[in-house]
Amino acid sequence: VKIIVDRLSQSPVSEVFEASANWWRERTALDSGESTHLDCEILTPFQFSLRSYLIGADVVLEGGVVGEIEVECGRCLARYRHALRDQFRLVAEEAKGRVPPDPEGQECLTRFGLCLTDEIETGWYRGGVIELDGFFTEVIAGMMPLHSVCKEDCRGLCPVCGVSRNDTHCECDVEAATPKKVSPFAVLAQLRQ
Ligand SMILES: [Zn+2]
Ligand SMILES: [Zn+2]
């Protein structure tokens, strides 16, 4: 998936790209050192609608992305479907002689012909070909949920017997089973008395 800079003009060109589950697995396997990626399954390939054009010598990549993943609820541990949808707009200047301050940026600029300088909104490009893999990975990573909860009012697991309180009602005495938390302020107050 690439953009040929010489073919861009001021009038936007629209294209649709699909990023498959395999592609995402490969992309995230590269930086598996980071724990920022959710353990999730891609149910439908990510679909990018991309418009690319020039403003002066700046390359603009904008559009939207949709996808659907299956993740584990952080409270009740059930797997559930999570629809993802996001918009993006990147304006990349020609890097010319400039070198990104961070090694990651340098590697991206060499490898993809594009690096990001401020989130995914601004960046630098170098050379006539921009490989979109790195940018698409950042866009997807940015829209992944940080906390996965199957529904707003998920009641989680019973701390005593472990059933999901969403679908089972148990008679456990949770109050008796959990040690009382004593706030440090309460302890201080007692000491003062
Ligand atoms: Zn849940
Ligand atoms: Zn219970």
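Counting starts at 1 for both ligands and their atoms, following the listed order. Nothing here was measured: the structure is a model prediction, and the numbers come from that model.
- When hydrophobic residues (I, L, V, M, F, W, Y) are linked wherever their side-chain heavy atoms come within less than 4.5 Å, the members clustered with Ile4 are Val129.
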For Ile140 and Phe48, run side-chain contact (heavy atoms from CB on, under 4.5 Å): C-alpha distance rounded to whole Å, both residues' side-chain angles, the deciding distance at 0.1 Å, then the answer. CA-CA 10 Å; Ile140 295 173; Phe48 284 87; 3.8 Å; yes
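- You'll find the side chain of Trp124 stays beyond 4.5 Å of the side chain of Leu114, heavy atoms only.
- Remark: the backbone N or O of Gly105 is paired with a side-chain donor or acceptor of Asp102 at under 3.5 angstrom.
- For the Zn ion (ligand 2), protein N, O or S atoms under 2.8 Å: 4 in total.
- One N or O on the side chain of Asn166 and one on the backbone of Arg155 form a donor-acceptor pair closer than 3.5 Å.
- Closer than 2.8 Å to the Zn ion (ligand 1) sit the protein N, O or S atoms Cys73 SG, Cys76 SG, Cys150 SG, Cys154 SG.
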Can I get a per-line list of side-chain donor-acceptor pairs under 3.5 Å for residues 56-79, giving both atom names and the distance, sequence neighbours left out?
unit_1: Glu62; atom_1: OE1; unit_2: Tyr53; atom_2: OH; d: 3.2
unit_1: Glu62; atom_1: OE1; unit_2: Arg89; atom_2: NE; d: 2.9
unit_1: Glu62; atom_1: OE2; unit_2: Arg51; atom_2: NE; d: 3.2
unit_1: Glu62; atom_1: OE2; unit_2: Arg51; atom_2: NH2; d: 3.4
unit_1: Glu68; atom_1: OE1; unit_2: Arg81; atom_2: NH1; d: 3.0
unit_1: Glu68; atom_1: OE2; unit_2: Arg81; atom_2: NH1; d: 3.0
unit_1: Glu70; atom_1: OE1; unit_2: Arg79; atom_2: NE; d: 3.4
unit_1: Arg75; atom_1: NH1; unit_2: Glu152; atom_2: O; d: 3.4
unit_1: Arg75; atom_1: NH1; unit_2: Cys154; atom_2: O; d: 3.0

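- Between Phe88 and Phe135, the distance from one ring center to the other falls under 6.0 angstrom.
- Each of Val149 and Leu84 belongs to its own hydrophobic cluster when Ile, Leu, Val, Met, Phe, Trp and Tyr are linked at side-chain heavy-atom distances under 4.5 angstrom.
- Under the 3.5 Å distance criterion, the side-chain polar atoms of Arg126 are matched with a main-chain donor or acceptor of Arg98.
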